[in-house]
Amino acid sequence: QVQLVESGGGLVQAGGSLRLSCAASGRTFSSYVVGWFRQAPGKEREFVAGIRWSGGSTQYSDSVNGRFTMSRDNAKNTVYLQMNSLKPEDTAVYYCAARLGIGVRTTKDAYNYWGQGTQVTVSS
């Protein structure tokens, strides 16, 4: 069993930056793929970014590619999402998710474990 706890959300002006963190407990991330998803009011939960813990390869959605960077800290069993050049359309609840496997998946149903979410609000 993996427990995920996100932190780092908040209110920021357009063009600003935030860094989200997702800390895992219960088990290490070493055999997992970790993803970030987001859900805006009235919209479906959508894939944002993912990382293979082994090797560290990453994948991003087109909407955030070039602005967001996902990374990991092995010692802290934590993943991060650095979000730069934020836009009002990035406003959403951001969720960390994990799945056993070797490949990043962009569908939410592929992930077994979820955090509680953290709110990100970008003002114009």
Side-chain angles (χ1 to χ4, degrees):
Q1 191 76 6
V2 175
Q3 292 80 44
L4 305 174
V5 178
E6 303 100 331
S7 60
L11 173 65
V12 64
Q13 288 188 332
S17 299
L18 282 174
R19 189 178 79 157
L20 305 183
S21 300
C22 173
S25 61
R27 301 191 70 172
T28 65
F29 271 144
S30 60
S31 300
Y32 287 79
V33 171
V34 183
W36 284 99
F37 288 75
R38 67 186 181 187
Q39 188 166 17
K43 294 188 176 182
E44 293 289 320
R45 192 170 298 188
E46 64 174 0
F47 173 81
V48 174
I51 190 167
R52 286 181 54 180
W53 196 263
S54 174
S57 60
T58 54
Q59 182 175 340
Y60 301 93
S61 68
D62 290 343
S63 62
V64 308
N65 194 27
R67 300 188 297 123
F68 291 10
T69 302
M70 190 171 180
S71 61
R72 74 197 193 292
D73 185 323
N74 292 350
K76 295 182 178 179
N77 213 33
T78 298
V79 298
Y80 303 97
L81 185 67
Q82 178 67 43
M83 306 186 295
N84 298 328
S85 302
L86 283 161
K87 305 175 181 180
E89 51 264 42
D90 294 319
T91 295
V93 177
Y94 283 70
Y95 297 90
C96 175
R99 62 180 293 271
L100 278 170
I102 60 172
V104 175
R105 296 290 183 265
T106 61
T107 55
K108 60 182 185 298
D109 292 342
Y111 292 79
N112 308 103
Y113 306 101
W114 291 85
Q116 82 289 351
T118 185
Q119 176 71 47
V120 171
T121 303
V122 184
S123 63
S124 58

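None of these values were measured; they are calculated from a predicted model.
- At a threshold of 4.5 Å between non-hydrogen side-chain atoms, the residues Y32 and V2 count as touching.
- No donor-acceptor distance shorter than 3.5 angstrom exists from the side chain of T121 to the backbone of L11, with no hydrogens or angles considered.
- Taking the side chain to side chain donor-acceptor pair (under 3.5 Å) definition, one finds that S17 meets it with N84, sequence neighbours left out.
- Linking ILVMFWY side-chain heavy atoms closer than 4.5 Å, directly or via other members, places V12 and F68 in a single hydrophobic cluster.
- Rounding to the nearest 0.5 Å places CZ of R67 at 12.0 Å from CD of Q82.
- Taken to the nearest 0.5 Å, the OG1 atom of T58 stands 14.5 Å off from the CH2 atom of W36.
- Both L81 and V120 are assigned to one and the same hydrophobic cluster, defined by single-linkage of ILVMFWY side chains at heavy-atom distances under 4.5 Å.
- Applying the 6.0 Å contact sphere to CG of L100 captures more than 12 heavy atoms from other residues, nucleotides or ligands.
- Judged purely by atom type and a 3.5 angstrom limit, R99 has no side-chain atom pairing as donor or acceptor with the backbone of N112.
- Side-chain heavy atoms closer than 4.5 Å link hydrophobic residues (I, L, V, M, F, W, Y) into clusters, and following such links, possibly through other members, connects L18 to V34.
- Rounded to the nearest 0.5 Å, atoms OG (S124) and CD (Q13) are 9.5 Å apart.
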For side-chain contact (heavy atoms from CB on, under 4.5 Å), just list the numbers for Y111 and V33, CA-CA rounded to whole Å, side-chain angles, deciding distance to a tenth of an Å, and then say yes or no. CA-CA 9 Å; Y111 292 79; V33 171; 4.1 Å; yes
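- A distance of 9.5 Å separates OG in S85 from CG in D90, rounded to the nearest 0.5 Å.
- Between the side chain of Y113 and the main chain of C96, no donor-acceptor pair closer than 3.5 Å is present.
- Using modelled atom types and a 3.5 Å distance limit, the side chains of R38 and Y94 yield a donor-acceptor pair.
- A chain of hydrophobic side-chain contacts below 4.5 Å, direct or via other Ile, Leu, Val, Met, Phe, Trp or Tyr residues, connects V122 to V64.
- For the atom pair Y95 OH and L20 CG, the distance stands at 13.0 Å (nearest 0.5 Å).
- With a 4.5 Å cut-off on side-chain heavy atoms, T106 and Q59 count as touching.
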Go through the steps for R72 and T78 under the test side-chain contact (heavy atoms from CB on, under 4.5 Å), then give the verdict. CA-CA 6 Å; R72 74 197 193 292; T78 298; over 6 Å; no
Applying side-chain contact (heavy atoms from CB on, under 4.5 Å), run through Q116 and E6 and close with a yes or a no. CA-CA 7 Å; Q116 82 289 351; E6 303 100 331; 2.8 Å; yes
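- By the side chain to side chain donor-acceptor pair (under 3.5 Å) test, R105 is found to be paired with no residue, residues two or more places apart in sequence or in another chain being considered.
- Rounded to the nearest 0.5 Å, atoms CG (L86) and OG (S123) are 10.0 Å apart.
- Side-chain heavy atoms closer than 4.5 Å link hydrophobic residues (I, L, V, M, F, W, Y) into clusters, and following such links, possibly through other members, connects M70 to V48.
- Using a 4.0 Å cut-off between charged side-chain N and carboxylate O, E44 and K108 make a salt bridge.
- Relative to the ring axis of F37, R45 does not place its NZ or CZ within 45° and under 6.0 Å from the centre.
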